[in-house]
Amino acid sequence: MTEAGVAGGQKDERDPSELTPEAAAAELERLAAVLGRANAAYHTHDAPEISDAEYDALKRRNAAIEAAFPDLKRADSPTDQVGAAPASGFQKVRHRVRMLSLGNAFDDADVADFDRSVRRYLGREAALGYTAEPKIDGLSLSLRYEGGALVEAATRGDGAEGENVTRNARTIGDIPGTLRDAPEVLEVRGEVYMSHADFEALNARQAEAGQKTFANPRNAAAGSLRQLDAEITAARPLRFFAYAWGEVSAPLAETQMGAIERLGALGFVTNPLTRLCEGIEEMLAVYRAIEAQRATLGYDIDGVVYKVNDLGLQGRLGFRSTTPRWAIAHKFPAELAWTRLEAIDIQVGRTGALSPVARLQPVTVGGVVVSNATLHNEDYIAGRDATGAPIRDGKDIRVGDWVQVYRAGDVIPKVADVDLSRRPGGAVPYVFPETCPDCGSEAVREPGDAVRRCTGGLICPAQAVEKLKHFVSRAAFDIEGLGAKQVEQFHGDGWIREPADIFTLEARYGPGNLTELKNREGWGAKSAENLFDAIEERRTIPLNRVIFALGIRHVGEAAAGLLAQHYGTWKAFEAAVTAAEVGRGPEWEDLIAIDGVGQVMAASLVTSMQQEAERASIDRLIAELEVTEVRRPDTEGSPVAGKTVVFTGTLERMTRAEAKARAEALGAKVAGSVSAKTDLLVAGPGAGSKAKKAAELGIETIDEDGWFRLIGAE
Ligand code: IVH
């Protein structure tokens, strides 16, 4: 950290009335620096550097000079800084360089206008160089490094003042704790975000634990970063792209692109889609290329940001009140649209969940025609959340209403809002059914569950079909030629009612009776034979797939894998869950002791496996199969048993999934980011911030070949 005296200039102890305006300004500058540093030491580092009395005296002197020279009061005046933590629980941080937002362009013409006005401002005819990069849909964060050490991280807040989230930022793997060869003062700015995969997994974990789920990755990222308990942030998979900077004591480069490259070299993750372009045609071409990749990026972006590449020109262009003149965000078409709600249908899922679906007058949302959208559950329609608190200001949704449809990336469209001013006269509140629309059984809501469920179980045809679709899905039995469509057809005709029937299909409608199948619409002799072959092939199947295929609520693919690893054989698994009593006894304790199996999941598993009709159906299935053992990891003598391993960079001899599976089979824990808990980093070419962080933390780092040698695979 810099010396306060150096940062703040010479001390001037004269009475305020004796100061010239110049001397007063200098003294205010010095006091702002000294007090700023004292604040950081006290609140950020929990390591006060001056006594409370000295602090108060400095603040009083600052206030006295401001009173004598009101015009000289600084934007970052210590007087306006809150000494204690604000109500939100986070200390406020005044940004030394304001965190600005960007102007928007909504179409090609807006971008052309932007380019023209930039060139006019600079008095330049020729085409200009710009960088073009994705606009990340997360939340911006400013990271202050002094002497190469991360000293403060702050959210944007209102641009002038944000929240101090230093402790939380330190838990993010993409954010280096120290930098080598960095300017003495460097504020790196960028976006904190969460990937789609991490978002889905987080929501699944939250739901499993009975905790609140997030509406989208942006909310999840914001909620995770703004946690008062940094331990919680640490457990959330946040990422960070660096794309800008605030205060710097020495320039990073001469161009935007050069600065981004420098940030990359310092160990930050920068967006790999960043491109240099010259003139409007190239800018728009990059925009379209990025837009085309949007759905497959794995994280949300909402546009493309263009920035003048020459930093000298950026300096000349400067800022309007809240936006730079040298940059603009070219937004993707709105992913919101208004349309009429024509009907509400109820779909019955595999676990009996009744899900309301909005049937809409077709409308284009972000370039896709949408005619169905989810309405989540009955509370959502009624305008309240699971705790009974109002959502949409308590507005309910009725058939005939004008509703706002929202779509982001690949996510299922949602009904987000309703326009009460356009509600038709006769519209009545929606009454959620209390019986299953498919089988007529009672549909009940368990306390604490947002979802109403059909109690029909196996007698409910809708549940049966959904269970079958799940059974043949990719991570389950994955039978070639038997997809969702065929399952519906066979179920409709009564050929397949439950999973076991798939394996007796050939005996019933097969060889001798092949005509039966081959005469059906869509089937010929060849495809019928292929189907029977594919079914036969799956008669022998590993335990994890069988457990997942059963479609037991809360037991997903990962959990099925854990259970299979733990019990090894169907016999052992079946015996244990049959003997288990929910909430007590050795089998229960053994079950919930599995890392990754929670109480809710365990209870669901035990109850389903002990439910008479369901169990009989499962037993009929198992009688048809040969379930192969999933070998428990042989961790005896494993050099990595119990160790936490992180893989980074490009792996050339194995995929990421293989690397993880192999390490886990050897008893290692595989983590996504480097922390003090990491024991070993396996770094392939192109390893960036993780390798750097591991080096800083003194964590053993090896390459891929080293890994193979270590595990004795060479
Ligand atoms: S540059 C002075 N680049 O968009 C310009 N911002 O609408 C500083 N954002 O507050 C911002 N991706 O949170 C920039 N590649 C990117 C961005 C980006 C996302 C966010 C940022 C900013 C907001 C402005």
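Positions are given from 1, in the same order as the sequence printed here. As the structure lists them, so they are numbered: ligands from 1, and atoms in each ligand from 1.
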Whether the side chain of [X] engages the backbone of [Y] through a donor-acceptor N/O pair (distance < 3.5 Å, no angle test) should be reported.
{"X": "Asp401", "Y": "Ile397", "result": "no"}
{"X": "Arg294", "Y": "Ile301", "result": "yes"}
{"X": "Thr233", "Y": "Ser224", "result": "yes"}

- Message: Quick check with a 6.0 Å cut-off and a 45 degree axis cone: is Arg189 positioned over the face of Trp245's six-membered ring?
- Response: no
- Amino acids contacting ligand 1, non-hydrogen cut-off under 4.0 Å: Leu100, Ser101, Leu102, Glu133, Pro134, Lys135, Ile136, Ser140, Arg156, Glu191, Tyr243, Val305, Lys307, Pro324, Trp326
- Message: For a quick test of reading the model, state the closest non-hydrogen atom pair linking Glu161 to Asp158 and the distance between them.
- Response: N-OD1, 2.8 Å
- Message: Assess whether a salt bridge exists between Glu163 and Arg226, defined as any Lys/Arg side-chain N lying under 4.0 Å from an Asp/Glu carboxylate O.
- Response: yes
